[in-house]
Student: 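Could you have a look at this structure, given as structure tokens, before my questions?
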Amino acid sequence: MALDIKSLVPCIDGSTITREEFHNTYLKPQKPVVLRGLWKKYPAYEKWTMDFFKKSMGNIEVGLFGNRKEDISKTLEVPNATMRFDEYLNLIEREPTDLRLFLFPVFKHKPELLKDFDYPEITKGYIKIPFMFFGPPKSIVRMHQDIDMSNVFLTQFHGRKRVVLFAPDQSDLLYRLPFNVHSIVDVDHPDYKTFPGLKYVKGMTTILEHGDTLFMPSGYWHHIEYLEGGFGLSVRTVANSLNMKLQGAWSLGGRRLIDRMMRNLMKEEKWFDFKKKVAHSRAEKAMSKLNRDNYENEFRSSNTVTT
Ligand SMILES: O=C(O)CCC(=O)C(=O)O
């Protein structure tokens, strides 16, 4: 049985949406949306190609991350490999590999790129943090929430990407690891026996193409598959709700620190086992609550019919 991720993320014309419309319809209610053509008016839209990056900054050394099984409980901090940027771009054009260039601070290396665009009107007034992401065909970004719980505007420049989203209120049913922003489930191969909570989750899917910007509200879970080798830019703006701001600060500071400390204090495997146990116990509680709520609703509606 496949996961319930068939519903599509709504997709609208991003070139005409006003700031007010975006704010009222998507930002304030925290609803994901694909804004098609939001970046079309900027030079970057046509200029930023694989060849452009190879020629303009191919000689820099970049740190790459793979999907090693043993890393599942860690946030990505230390790269698994390094390579010249142009060699890496040739590699991801040529063949699948699991090496991704993650949270790449491209403007630190080449500040002139900032002249190739202006931040879209809908993000004006917020502090913006831009990063680029490059990945090879078939590579997977395992399911996670962003550690700072920011609102994310993810624009695709080259290649297509499939993105699966889940709202933050489904964290427990997605077996979120405590002291971490990762889930231990595999969205594409759901194991309902080990993770029965997956029977209750409801996600959304979209495929991003050149010029599509996906708005991912704070705390949204995302699982990404690169359908082709390609790259995108994410612009992050601070969460609007106080709750998400606090969660972001706690994740960046306390939660990460405790996780690192415990990994050093305990045997790494033991700490990971403990975290998995907590994730399973939270999922059990979330399922019991849903079953109780469903039972009460059914009871109430059958009573309404008979009285
Ligand atoms: O596009 C990617 O490779 C990852 C994007 C992502 O996870 C993010 O923007 O938070």
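Counting starts at 1 for both ligands and their atoms, in listed order.
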Student: Does the gap between the ring centers of Phe133 and Phe231 come in under 6.0 Å?
Tutor: no
Student: Considering heavy atoms of the protein only, find what lies nearest to atom 4 (C) of ligand 1 and give residue, atom and distance to 0.1 Å.
Tutor: Phe133 CD2, 3.4 Å
Student: Using ring centroids (six-membered ring only for Trp), state whether Phe107 and Phe117 fall under 6.0 Å.
Tutor: yes
Student: Within a distance under 4.0 Å of any heavy atom of Ser234, pick out the atoms of ligand 1 and give their elements.
Tutor: 9 (O)
Student: Please could you name the atoms of ligand 1 that His144 approaches to less than 4.0 Å, counting only its heavy atoms?
Tutor: 7 (O), 10 (O)
Student: Considering both backbone and side-chain atoms of His222, is one of its nitrogen or oxygen atoms within less than 3.5 Å of a nitrogen or oxygen in ligand 1?
Tutor: yes
Student: Just by distance, do the side chain of Gln247 and the backbone of Trp250 share a donor-acceptor pair under 3.5 Å?
Tutor: no
Student: Ignoring hydrogens and angles, tell me if any N or O in the side chain of Tyr45 forms a donor-acceptor pair with the backbone of Gly211 under 3.5 Å.
Tutor: no
Student: Just by distance, with hydrogens left out, do His222 and His144 show a side-chain donor and acceptor under 3.5 Å apart?
Tutor: yes
Student: Give the atoms of ligand 1, by number and element, whose distance to some non-hydrogen atom of Tyr226 is under 4.0 Å.
Tutor: 1 (O), 2 (C), 3 (O)
Student: What is the nearest protein non-hydrogen atom to atom 10 (O) of ligand 1, stated with its residue, atom name and distance?
Tutor: Asp146 OD2, 2.7 Å
Student: Tell me whether the NZ or CZ atom of Lys276 lies within the 45° cone about the ring axis of Phe272 and under 6.0 Å from its centre.
Tutor: yes
Student: Considering Ile224, Leu233, Val141 one by one, which has a heavy atom nearer to atom 5 (C) of ligand 1 than any of the others?
Tutor: Ile224
Student: When you measure from atom 1 (O) of ligand 1 to every protein heavy atom, which one gives the shortest distance, and what is it?
Tutor: Lys161 NZ, 2.7 Å
